[in-house]
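For reference, the structure discussed in these notes is given below.
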Amino acid sequence: MIFAVAGCGKQERAADGEAAVAERQETREESRAESRAEEKPTAKRAKREEAPAPDSRDAYYRFINYIETGDLLDIRKHGTIRFVSLSGASEDQLPREGVVTLRHFELANKLADRLKLKAKWVRARTPDEAIELLIAGKADILAYNLTITEPRKELINFSIPVRHTRQKLITGASGPDISDPAQLKDIEFIVPAGSSNLPTAQRLIEEHPEANLSMQQVVVYGDRDILVDLINEKNNRVAILDDYIAEDLNSYRDDLRIGADVTDVENIAWGLRKDSKLLLTTTNNFLTRNLVKAQDERLGDWKDIKKSGVVRLLTYNGPTTYFLWKGLLMGFDYDLAVAFAEKHKLQLQVVVVPYDESLVDWLKAGRGDFAGASITITEERKKDGISFTTSYMETPEQVVSNKQRAPIEKVQDLAGRTLTLRAYSSFMPTAQAIKDSGIDVKIKVAPPGMSQSQIFNMVAEGLLDATIADSDNAKIEASLQPDLVTGTLLGDPKPQGWMVVTRNWHLLQNLNKFLKDYRESKEYAQKFKAYFEPNKRFTQRVRARIIPGQDLSPFDNLVKASALDYDFDWRLVTAQMWQESNFNPKAVSPVGAQGLMQVMPATAREMGFPPPLFDPERGIKAGVKYLNWVRNRFDPTLPVANKLWFILASYNAGYGHLLDAQRLAEQLGLDPNVWFDNVEVAMLKLAEPQYFKKARYGYVRGSEPVQYVRNISNLYKAYVEVATGEVAVRPPLRKKPEQKPQREPRIPEIDYGDRERVSD
């Protein structure tokens, strides 16, 4: 992330070009001791999120190594179409309502598919920089929330509006009264540099010369939370943001207030180069067909769904249902819903329901068309005015307890034990039936805000005795937390299904037909295995045969070459490679990650390595390059050891979840710059509703990255004891094949591959 402040007066502008780069570099070189003495925690947080140095950005863009300023026919010659955005590709997208299917990333990729071109994403720091890249021919479409303004219209063309907005005032919890802009006095405006909010702030300053108003610009590189942190530092700070951004921030942060409008309604659209008429027309036609206005309430049936082109799934942000992992939207219910939408040529819109609210209530209010989150089919729920689809899975209930305590292998073993269950849990009747049968078991009800994940954590820590869960979830959690053990099954498997409002019989009919057919497919079996059968690679303790003086792996030379390219300790990469694939170059994870470093195909493409990645050299290069990309997002002044653990956690869970964990650690009084016993504690808590519902990136199965980092760190330390960190010289150039006299001599290639060639 980049944090840059430019002067604060009526005539001042955010620094750009070389001046901005120099200023950011100077900021990064300040001593950490001075930062701690002079800055508040939130300011340190902003500094930590600076962007990589310009050479790193150049490396990121290197695979887009051509200039094209022509129209669609010229773009087609390259076989790619380049989209520029301020949030990069998918890894920073938030799994919340309104950004799942209608976001620019998905629409742009769908446009590329329609044009039979490969989509490439370029990241810009500010809207002004994005426009410059577009005009210079380094990108083809600016696919972002770009406000249409007259100065911008002189530079580029705009698509049809994709949404509308008003700019609003926002301030911190103890900020000034922002109900009337005319009443603002002694205020410092905080605005995103290069945004349309900048001229608004300048206008307010000029309109009220006696009010002592000033301005500060912030370059926000994908994290608008910086703005909220800044306005909370001082009680006279006010930010200016578009209404949808303000509402999104307000949905998970309770330390801001939204105030008055400061503009009329403005249009948001995509940007294109001038003189690209064919591309503009094609884009407008595409958006017209695909862009559907979101509806908060719709009680219609199948005909209305088909007419809108959007089907809405209500679900919870949680394990096995819907979550963000390594930049991908995932979950069993989500994947099945995607398959259903694609079958009927619909866009899927996911509406994430707050954990303490009812899916049934939201469904009956028309906020979604169907609902699903591993919901057990019960008669009580049917009486509440909803209907269930045919079952898409069945699972029994199972006891889960701590490994250090006596096992619960049969129901009678529950005598003298205590079961702690979630409030309003569907497992309550089962527990009560056991107690009524004469078994002396105590039943405790957890507070309403406590989730099943939190109960699992407390059982693993020995704070609770035992609990009941669906068997599939129980197996997953026990595989991730060594101190958990599954016990006796409680009864027969119970069916689970999706819910619809009873009168929507046509939708129900289509869902039933889909589920019936899908359950018989190989794809269903693969999905089920991916989400509900523990994967040994993630659950086994990291063990490797370590013999001093011998190779750590069959691929040491390849690892050393790639590690040298990006200045990594090759032993760390080798330890990670073992954790990811057990040194199996043909490894494929249940969710599609490939090769020795288990890189997701979409990520590999962004790194310049289109899959497959089963060739050892290719798989290692893709993984190490992605590892370097992750590293470049962290503050260079972060201590080396902790930076390594943060990099590994981000590689596994995603950079966004790491940011959430750092922020939460700071709120909990832990050190946000230390992983072990600090940020890892916060990462575990992000599986609990009271924490993840206020996190930007929502739920994360925190036990995975925590165990992942611990496993690799332990193995890495062992490798350091038996193998030197010395890297051999680069492999020699390949020998030239014998040339026929009449042919020109060939230029030899470098065996390990230089960066330019890798990026092609």
Side-chain angles (χ1 to χ4, degrees), residues 1-16 20 23-24 27 39-40 42-43 45-47 49 86 125-129 145-147 149 151-152 165-250 253 255-266 268:
M1 303 296 174
I2 299 175
F3 172 63
V5 175
C8 313
K10 299 179 184 179
Q11 305 299 325
E12 296 179 85
R13 299 288 192 274
D16 54 16
E23 183 177 355
R24 286 191 294 274
T27 302
E39 297 180 354
K40 294 184 178 181
T42 51
R45 180 83 178 97
K47 269 196 64 180
E49 296 174 351
L86 272 65
R125 291 166 291 191
T126 66
D128 285 348
E129 186 182 80
N145 293 312
L146 193 66
T147 304
T149 65
R152 287 173 176 170
T165 184
R166 291 176 185 267
Q167 295 183 38
K168 286 181 171 289
L169 300 175
I170 71 166
T171 191
S174 60
D177 181 3
I178 53 175
S179 59
D180 183 358
Q183 301 302 316
L184 296 176
K185 293 185 182 300
D186 302 319
I187 295 300
E188 182 181 35
F189 290 120
I190 305 294
V191 296
S195 69
S196 61
N197 311 125
L198 174 60
T200 302
Q202 292 170 332
R203 173 176 57 80
L204 291 174
I205 292 172
E206 293 170 0
E207 289 177 352
H208 306 283
E210 74 292 344
N212 190 30
L213 305 178
S214 61
M215 179 177 61
Q216 197 179 140
Q217 296 181 53
V218 180
V219 178
V220 183
Y221 199 64
D223 188 3
R224 296 188 181 97
D225 291 298
I226 292 174
L227 292 170
V228 183
D229 292 341
L230 285 173
I231 61 177
N232 275 288
E233 283 185 356
K234 297 182 180 180
N235 59 14
N236 73 326
R237 284 181 170 173
V238 175
I240 301 176
L241 292 174
D242 293 333
D243 54 13
Y244 60 91
I245 297 174
E247 293 295 339
D248 177 63
L249 288 168
N250 196 42
R253 294 197 61 154
D255 56 349
L256 63 86
R257 293 184 287 112
I258 301 177
D261 295 338
V262 287
T263 66
D264 294 329
V265 174
E266 298 174 315
I268 302 293

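The residues of the chain are indexed from 1 along the displayed sequence. Everything numeric here is computed off the predicted structure, so don't read it as measured data. Atoms considered below: every heavy atom in the structure, side chains included; atoms not considered: hydrogens, waters and symmetry mates.
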Are [X] and [Y] close enough that some pair of their side-chain heavy atoms sits under 4.5 Å apart?
{"X": "Ile178", "Y": "Lys168", "result": "no"}
{"X": "Gln183", "Y": "Asp177", "result": "no"}
{"X": "Val191", "Y": "Gln202", "result": "no"}
{"X": "Thr126", "Y": "Pro192", "result": "no"}
{"X": "Glu207", "Y": "Leu213", "result": "no"}
{"X": "His208", "Y": "Leu184", "result": "no"}
{"X": "Ile240", "Y": "Leu204", "result": "yes"}
{"X": "Val238", "Y": "Ile231", "result": "no"}

| Closest non-hydrogen atom pair between Arg125 and Val219, with its separation |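 Distance-wise, the nearest heavy atoms are O-CG1, 3.9 Å.
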| task | Locate the shortest heavy-atom distance separating Pro176 from Thr171; write the atom from each residue and the value. | result |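 So the minimum-distance heavy-atom pair works out to CD-OG1, 3.3 Å.
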| request: Tell me, with the steps shown, if Gln167 and Thr200 meet side-chain hydrogen bond (donor to acceptor under 3.5 Å, both in side chains). | output: CA-CA 8 Å; Gln167 295 183 38; Thr200 302; 2.8 Å; yes
| task | Taking atom CG of Asp264 as the centre, report whether more than 12 heavy atoms of other residues, nucleotides or ligands fall under 6.0 Å from it. | result |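 At most 12 heavy atoms, drawn from other residues, nucleotides or ligands, come within 6.0 Å of this atom.
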| message | Can you tell me how far apart CG (Asp242) and CG (Asp248) are? Round to the nearest 0.5 Å. | response | 12.0 Å
